[in-house]
There are 2 protein chains.
Amino acid sequence: MLSTEDLALLEAIRESGSLSKAAARLGKAPSTVSHAARQLESRFDALLFDRSRYRLRLTPAGQLLALEAARLTLDVSRLTRRVKQIAGGWEDRLCIVTDEIMEFETLLPVIKAFDRLQSGVTLRITHEMLGGTWEALRDGRADLVVGATNEPPVIAKLRWFELGVIEWVFAVAPGHPLARAKEPLEPEAVAAHRAIMVADSSRRPDVRSYGVLGGQAALAVPGMLAKIHAQREGLGVGWLPRERVRSLLKSGALVEKRMADPREPNTLYVAWRGDHEGRALAWWLDQLRQPRLTARLVNGLDRFA
Amino acid sequence: MLSTEDLALLEAIRESGSLSKAAARLGKAPSTVSHAARQLESRFDALLFDRSRYRLRLTPAGQLLALEAARLTLDVSRLTRRVKQIAGGWEDRLCIVTDEIMEFETLLPVIKAFDRLQSGVTLRITHEMLGGTWEALRDGRADLVVGATNEPPVIAKLRWFELGVIEWVFAVAPGHPLARAKEPLEPEAVAAHRAIMVADSSRRPDVRSYGVLGGQAALAVPGMLAKIHAQREGLGVGWLPRERVRSLLKSGALVEKRMADPREPNTLYVAWRGDHEGRALAWWLDQLRQPRLTARLVNGLDRFA
DNA sequence: GGACTCGTTCGAAGGTATCGAACATGTTAT
DNA sequence: ATAACATGTTCGATACCTTCGAACGAGTCC
């Protein structure tokens, strides 16, 4: 194959346009370079050097080789770095999947801190909706999930801890008919109005349509933030995460309604497969155990404050 | 860097799960393989082999290296082929640009014949409209242009020969008002009807709108074939290449009209830059000098016969 | 024309890869 | 439990490859 010395030789000849000048540059004897050039030609079974004139130069084939050898050398040095990375206990890449209710910006400082480690680990952070987080972990699409809801399913070698608890509030716009309805609201009263629910982009059943009654009209929106907006505009009703609409409730832009059937809080989980633990995963798990970050992820950002 | 021996060693160990078995496979002494393994680890400054158990195995880092080394080896063998190709006088790639009026299928047998040469030269064949062929040659986007119209422009080292002559006919649908108009048709009579012209997909001025008069209504269509269809449907009028509509004229689906201002035939050219002549280009030029192929390209296919 | 440059060939020296023997440890079959 | 066999490492000797410097013929420049 090709060595760094081969590349250096080709580049020195290309740039100096002379074998003896190239040898001087490389700190080698001209005879060494001459011999090495012959060896290269023999190895590739191609004329790489034009000796028809006084000073030796690259043929077009030699030029192509010089160019491509440079690219290959880059490839190899990247590979060397990656191999060292892994030998040092870091992963090649880390895929983190969060529930879409969680705001990506909360993770930005963490990502920056991780970058400062200069581990070389490729990071990939994506969202999943509904039970999609557990699915991603099972399928191997995720190495780490943040904010998974429902009880942890049966997955080989699964490890997890609780992130926190998310509380729900049934809220309507002040001008919505249900805003003036007698409390606690009965299911029949709710069923007469359109429900707002988060669209399920996966093929799974609509797990996120909590409290939507049979036959009830529904509007599916692309995420929790969109759901908040839709309900604030009076387009429909449904459950919303309390901490994420706190200032809307306080300002009256949304009105909380007590329900005949209250909704239990949800526990959020951090989970990973225990058979693939590298330093990057360990680092992230450590961060996710920090109470301040945890609170921020669970409670979210009040985008309406 | 990496050698084919390095790759062979890594793969033999991975597949046999043992250093001594790998050595047997490679036809080498176990001590040689042991030493080579140590050298590899030293070169990458990483533990590539797990010696904690009876039989030596690859670490995750070693596995990544084995995988990536295989990919790199493939890269190098491709490069070796390319270098040999060029040293043998072939180009790395050949870009042929034809005028879009020419049917691609006419070139299929030529492409197949070229493939049979097994030169390794990458072939790229594209269309240009209007003066786009000359532009492609000047810009270096084309190595060879086929069917360029107008006089050859000033391009450094330009070489060319005539391919043939294309004749035009002013044709209208039988139900079109101009079909019954008195001959020869005067410009004023034509100007009252919509012109069909080939859309210019480049940024150049509309050179292909020959005979379109100022203020005349126009319909731009995506190519000569589309123009033929549009005129046959009576959507408008204009000049068409005589040989490509011969059977439509014969069947009466299109009616030829004599004009007060006849259109001169166009000369088509084959052109290339003379400073980059390899064996592939030479081969194609040779083919393009064959009278049968030339006639087919110039006269085209009568898709309506 | 003389001084210098260029690249090749050649023999010698230096560096690297490979072999086989010896050895310690682990595994398997009886 | 023991003997036979397997595994991988270390080490010295040998083989192979790379590099050097000297000598040389041909080209270039002042």
Side-chain angles (χ1 to χ4, degrees), chain A residues 1-63 65-66 69 73 76 80 87, chain B residues 1-63 65-66 69 73 76 80 87:
Chain A
M1 279 216 270
L2 283 164
S3 65
T4 41
E5 283 76 34
D6 292 330
L7 174 63
L9 180 141
L10 286 162
E11 295 201 335
I13 290 173
R14 205 189 74 236
E15 286 163 10
S16 57
S18 149
L19 185 142
S20 33
K21 284 192 169 66
R25 272 193 190 203
L26 299 168
K28 298 189 183 202
S31 60
T32 300
V33 175
S34 181
H35 185 262
R38 290 261 185 232
Q39 291 290 86
L40 254 191
E41 283 180 325
S42 170
R43 213 185 313 157
F44 281 89
D45 188 23
L47 268 185
L48 306 173
F49 306 98
D50 175 11
R51 293 173 182 84
S52 62
R53 307 209 281 176
Y54 187 56
R55 287 189 188 80
L56 178 141
R57 303 173 326 160
L58 294 180
T59 60
Q63 276 162 33
L65 185 59
T73 302
V76 172
T80 302
Chain B
M1 279 219 271
L2 282 166
S3 64
T4 41
E5 283 77 35
D6 292 329
L7 174 63
L9 179 141
L10 287 162
E11 294 200 338
I13 290 173
R14 206 189 74 235
E15 287 164 7
S16 56
S18 146
L19 184 142
S20 35
K21 282 191 172 61
R25 272 192 190 205
L26 299 168
K28 297 189 184 200
S31 60
T32 300
V33 174
S34 181
H35 185 260
R38 290 264 185 227
Q39 292 289 88
L40 252 192
E41 283 179 326
S42 170
R43 213 185 315 157
F44 281 89
D45 188 22
L47 268 185
L48 305 174
F49 305 99
D50 175 13
R51 295 173 181 85
S52 61
R53 306 211 283 178
Y54 187 55
R55 287 188 188 83
L56 179 141
R57 303 173 326 160
L58 294 180
T59 61
Q63 276 162 33
L65 184 59
T73 302
V76 172
T80 302

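From a predicted model like this one, the values you see are computed outputs, not experimental measurements. Convention: sequence-line order gives letters A, B, ...; per-chain numbering from 1.
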Where protein sits on nucleotides 14-30 of chain C, one letter per nucleotide: B base, S sugar-phosphate only, - none, heavy atoms under 4.0 Å: ---SBBB-----BS---

Over all atoms of both residues, closest heavy-atom pair of A:D6 and A:R43: OD2-NH1, 3.3 Å

Salt bridge present between A:R51 and A:E41 (N-O < 4.0 angstrom): yes

A:S42 (side chain) donor-acceptor with A:R38 (main chain) under 3.5 angstrom: no

Over all atoms of both residues, closest heavy-atom pair of B:L19 and B:S34: CD1-CA, 3.9 Å

For the student: nearest non-hydrogen atoms of A:A61 and A:L47, plus distance: CB-O, 4.0 Å

Whether B:T80 side chain and B:V76 backbone form a donor-acceptor pair below 3.5 Å: yes

Shortest non-hydrogen separation from A:L9 to A:A36 and the atoms involved: CD1-CB, 3.6 Å

Between C1' of D:dT9 and CZ of B:F49, the distance in whole Å: 15 Å

Exercise: identify the closest heavy-atom pair between A:L10 and A:G62: CD2-O, 4.2 Å

D:dT9 OP1/OP2 closer than 4.0 Å to side-chain N/O of B:R51: yes

Members of residues 13-26 of chain B that approach DNA chain C, where some heavy atom sits under 4.0 Å away: none

